[in-house]
Trainee: 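Before anything else, here's the structure in question.
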Amino acid sequence: MTDVGAIGVVGKVSTATRGAGGPGEVMLTVGGVKECYFANSDEPIAEGEMVLVVDVAPHRHVVVVPWADFPVPS
C-alpha cells in the first residue's frame with residue numbers, strides 16, 4: 001500500500017537524506033495527521049530543509065526534491 005495522498009505535500013527534513021547513499025526522514029502532514037516518512041532524494045538534502053514530495057513507494061517511503069524559493073505553507 002502506498003500513501004499517494006503525500007504527493008505534492010511540502011515537509012521538513014528531520015534526518016538528512018544522503019542521495020544515492022540512502023534515505024533520510026521527513027515530517028509530513030497527510031490527511032491532517034503529522035507523520036514521519038523515510039525520504040529518498042537524488043542529491044543529499046540537509047536536516048531542516050523544506051522539501052516537496054514527488055513520488056511515493058511502499059512502506060512509508062517518499063521521494064523528495066528541495067522546495068526552494070517558494071513560500072512555505074504553515
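Here, residue 1 is the first one in the sequence, and each next residue gets the next number.
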Trainee: Taking all atoms of both residues into account, what is the closest heavy-atom pair of G11 and L28, and its distance?
Mentor: CA-CD2, 3.6 Å

Trainee: Return the OG to CG distance between S41 and L52, rounded to the nearest 0.5 Å.
Mentor: 12.5 Å

Trainee: Please round to the nearest 0.5 Å and tell me the distance separating atom CD of E49 and atom CH2 of W67.
Mentor: 14.0 Å

Trainee: For R60 and C36, indicate whether the former's side chain and the latter's backbone hold a donor-acceptor pair under 3.5 Å.
Mentor: yes

Trainee: Using the side chain to side chain contact (heavy atoms under 4.5 Å, CB included) rule, take M27 and E35 through it: C-alpha gap first, then chi angles, then the decisive distance, then the call.
Mentor: CA-CA 6 Å; M27 291 299 295; E35 298 185 73; 5.9 Å; no

Trainee: Got a second to check how far K12's NZ is from E25's CD, nearest 0.5 Å?
Mentor: 14.5 Å

Trainee: Counting only heavy atoms from other residues, nucleotides and ligands, does the tally under 6.0 Å from CG of D42 exceed 12?
Mentor: no

Trainee: Ignoring hydrogens, what is the shortest heavy-atom contact between A6 and V53? Give both atom names and the distance.
Mentor: O-CB, 3.2 Å

Trainee: Given I45, which partner from the list N40, V65, V26, V51 fulfils the side-chain contact (heavy atoms from CB on, under 4.5 Å) test?
Mentor: V51

Trainee: Any non-hydrogen side-chain atom of V56 less than 4.5 Å from a side-chain atom of H61?
Mentor: no

Trainee: Over all heavy atoms of both residues, which pair between E47 and A16 is shortest? Give the atoms and the distance, please.
Mentor: N-CB, 3.8 Å

Trainee: Measuring from T17:OG1 to F38:CZ, what's the distance to the nearest 0.5 Å?
Mentor: 13.5 Å

